[in-house]
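We count residues from 1, following the sequence as given. Values below: all heavy atoms of this structure, side chains included; hydrogens, waters and symmetry mates excluded. Keep in mind the model is a prediction, meaning the values are calculated, not measured.
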Amino acid sequence: MVQEDNKRRIDELFANGFLSKEDFKKLIDERDNESAEYLFEKARIRQHETFGNKVYLRGIVEFSSYCKSNCLYCGLRRDNDNAERYHLSEEEILACCRQGHAFGFRTFVLQSGEDLSYSDEDICHLILSIKKEMPDCAITLSIGEKTREQYQMYYDAGADRYLLRHETASPKLYQKLHPADQTLENRIRCLKDLRDIGYQIGAGMMIQAPGQTTDDLVTDLYFLHDLQPHMIGIGPFIPHHDTPFRDEKAGSVELTLYMLGILRLMFPKALIPATTALGTIDQKGREMGILAGANVIMPNLSPTDVRGKYLLYNNKICTGEDAAQCSLCMSGRMKSIGYETVITRGDAPGKGPHEAKMNI
């Protein structure tokens, strides 16, 4: 039987999409298996109202493992001398997208460390080239913190979406996870610039990062409520053996799923991935993520010979499968839990393509 106070909180969240800070805190701290199952039932109702049983596939291309930033939790951090570095040429990235397009993918997520060897002109030319050859596709960038002017250039070239996880909205925790020259203020400035320019934006946080408290998670929920992103990506903290947090405990699948359920009730129309990190901690993690309210999965289109080098954390899955194999595998796994994978553009409700202002 669901604990009565938590049932009331979940019902209120289902009805109103928001709670007081105290109720959010208690909803998280007083969770149990029965509360979680009740939350997931409600999350699936909201999920199905907008998206039915559809799960959107995005093809991700991890095109560089170089990074100027030094986040203390990340295996690609600048000071990790053991990291295997690579960056793909425009033609190599295009080849990944062509392969994905042939499989039916209509959204490409171009992700990298903050690699300064690519100029803004390089990024714009890449976007223009993909759009010229595959005009029915959406392009999502995930290349870190830039100036507003840079974000505007990429948007004018035809980029549709931008993923930039805020990681934590708690200033004290953000300082613990990052060096002094990387600030929460700048991360938030980036997200607001992206939103104001017109991107479909994605934010999100790590779950159970070292030092994270329930109050920090509530701060994240309030921050996301104010930001109103179109996409929300969360995943458990997983330590990497060549970072200062190598000996820290990994975050749990259980709390990550619970937070997915809460986010689905807060954001019924958001695109929320069941992340690779979730699948790394538990073999059925992505299926459980979908059943908790997520509705996006991102198979890897990167060349197999570099996938094992893009290691943000230990034991990352799907570094050996080819993209077709991964896509077919995911389709079968989603079908086994009553969902159907679709490979349309899958824009956020009410959003769609915008007119690029540049040409090749």
Side-chain angles (χ1 to χ4, degrees), residues 56-69 71 73-77 86-88 90 93 96-97 100 105-118 120 122-124 126-127 130-131 137-148 150-155 157-167 178 182 186-195 197-206 224 227 229-235 270-278 294 296-302 306-307 309-313 316 318 345-348:
Y56 295 96
L57 294 184
R58 320 295 207 191
I60 187 165
V61 182
E62 297 163 336
F63 66 90
S64 173
S65 65
Y66 285 89
C67 192
K68 73 175 180 65
S69 293
C71 307
Y73 49 83
C74 182
L76 301 188
R77 66 194 307 265
Y86 72 91
H87 47 209
L88 302 182
E90 178 177 301
I93 298 167
C96 296
C97 294
F105 287 90
R106 294 299 179 265
T107 286
F108 302 119
V109 180
L110 307 181
Q111 185 173 67
S112 72
E114 296 194 16
D115 183 349
L116 298 180
S117 71
Y118 297 95
D120 293 327
D122 291 335
I123 299 296
C124 289
L126 172 62
I127 295 165
I130 295 171
K131 288 281 186 162
C137 290
I139 295 176
T140 301
L141 296 179
S142 181
I143 57 176
E145 296 181 4
K146 306 285 184 180
T147 65
R148 184 184 178 111
Q150 290 173 299
Y151 290 144
Q152 186 71 57
M153 282 180 68
Y154 310 152
Y155 187 77
D160 301 278
R161 309 173 189 144
Y162 206 104
L163 302 179
L164 185 67
R165 294 208 324 189
H166 67 278
E167 304 299 2
H178 301 87
Q182 293 174 233
N186 192 55
R187 182 64 58 117
I188 292 172
R189 188 272 307 162
C190 289
L191 282 163
K192 289 183 175 176
D193 283 349
L194 289 161
R195 180 191 62 193
I197 287 167
Y199 283 93
Q200 297 173 50
I201 62 166
M205 62 278 194
M206 276 188 292
L224 290 168
L227 184 68
H230 308 90
M231 303 168 283
I232 304 169
I234 69 169
L271 293 154
I272 303 177
T275 60
T276 304
L278 201 52
V296 173
I297 287 178
M298 298 196 288
N300 200 328
L301 296 177
S302 308
V306 302
R307 282 194 216 165
K309 300 176 184 178
Y310 198 86
L311 295 181
L312 309 181
Y313 46 77
K316 183 181 173 188
C318 296
R345 275 178 56 107
D347 290 295

Measuring from atom [atom1] of [X] to atom [atom2] of [Y], what distance do you get when rounded to the nearest 0.5 angstrom?
X	Y	atom1	atom2	result
Leu164	Glu145	CG	CD	6.0 Å
Cys97	Leu110	SG	CG	5.5 Å
Ile123	Tyr118	CD1	OH	7.5 Å
Asp160	Lys131	CG	NZ	3.5 Å
Lys146	Tyr151	NZ	OH	7.5 Å
Leu271	Tyr56	CG	OH	7.0 Å

Donor-acceptor pair, distance only, cut-off 3.5 Å: does the side chain of [X] make one with the backbone of [Y]?
X	Y	answer
His230	Ala348	no
His166	Gly204	yes
Arg187	Arg165	yes
Gln200	Met231	no
Arg307	Asn300	yes
Ser65	Tyr86	yes

If every non-hydrogen atom of [X] is compared with every non-hydrogen atom of [Y], which pair is closest and at what distance?
X	Y	value
Ala294	Ala274	CB-N, 3.7 Å
Gly144	Tyr162	O-OH, 2.7 Å
Ser302	Cys96	CA-SG, 4.3 Å
Ser112	Ile143	OG-CG2, 3.5 Å
Leu76	Cys67	O-CB, 3.5 Å
Ala203	Pro229	N-CB, 4.2 Å

Does a side-chain heavy-atom distance below 4.5 Å link [X] with [Y]?
X	Y	answer
Glu90	Asp122	no
Pro299	Ile297	yes
Ile232	Leu224	yes
Val109	Met298	yes
Gln182	Ser69	yes
Glu167	Met206	yes
Ile60	Arg58	no

Side chains of His178 and Tyr73: do they bring a donor and an acceptor to under 3.5 Å?
-> yes
In terms of side-chain heavy atoms, does Tyr154 have a donor or acceptor partner in Asp120 at a distance below 3.5 Å?
-> yes
Could you go through the side-chain contact (heavy atoms from CB on, under 4.5 Å) check for Thr147 and Gln152 one step at a time?
-> CA-CA 9 Å; Thr147 65; Gln152 186 71 57; over 6 Å; no
side-chain contact (heavy atoms from CB on, under 4.5 Å) assessment of Lys68 paired with Glu114 = CA-CA 6 Å; Lys68 73 175 180 65; Glu114 296 194 16; 3.2 Å; yes
Is Asp347 paired with Arg106 through a side-chain N to carboxylate O contact shorter than 4.0 Å?
-> no
In sequence, state the C-alpha distance, the side-chain angles, and the governing distance for Arg195 and Leu227, and then conclude on side-chain contact (heavy atoms from CB on, under 4.5 Å).
-> CA-CA 9 Å; Arg195 180 191 62 193; Leu227 184 68; 3.8 Å; yes
Knowing that exactly one of Leu88, Val306, Asp115 qualifies, which makes a side chain to side chain contact (heavy atoms under 4.5 Å, CB included) with Phe63?
-> Leu88
Tyr155 and Gln150: CA distance, side-chain angles, deciding distance, side-chain contact (heavy atoms from CB on, under 4.5 Å) verdict | CA-CA 9 Å; Tyr155 187 77; Gln150 290 173 299; over 6 Å; no
Please assess Arg161 against Thr107 for the test side-chain hydrogen bond (donor to acceptor under 3.5 Å, both in side chains), listing each intermediate value before the final yes or no.
-> CA-CA 10 Å; Arg161 309 173 189 144; Thr107 286; 3.1 Å; yes
Aromatic rings His87 and Tyr66: how do their planes relate, parallel, tilted or perpendicular, breaks at 30° and 60°?
-> tilted
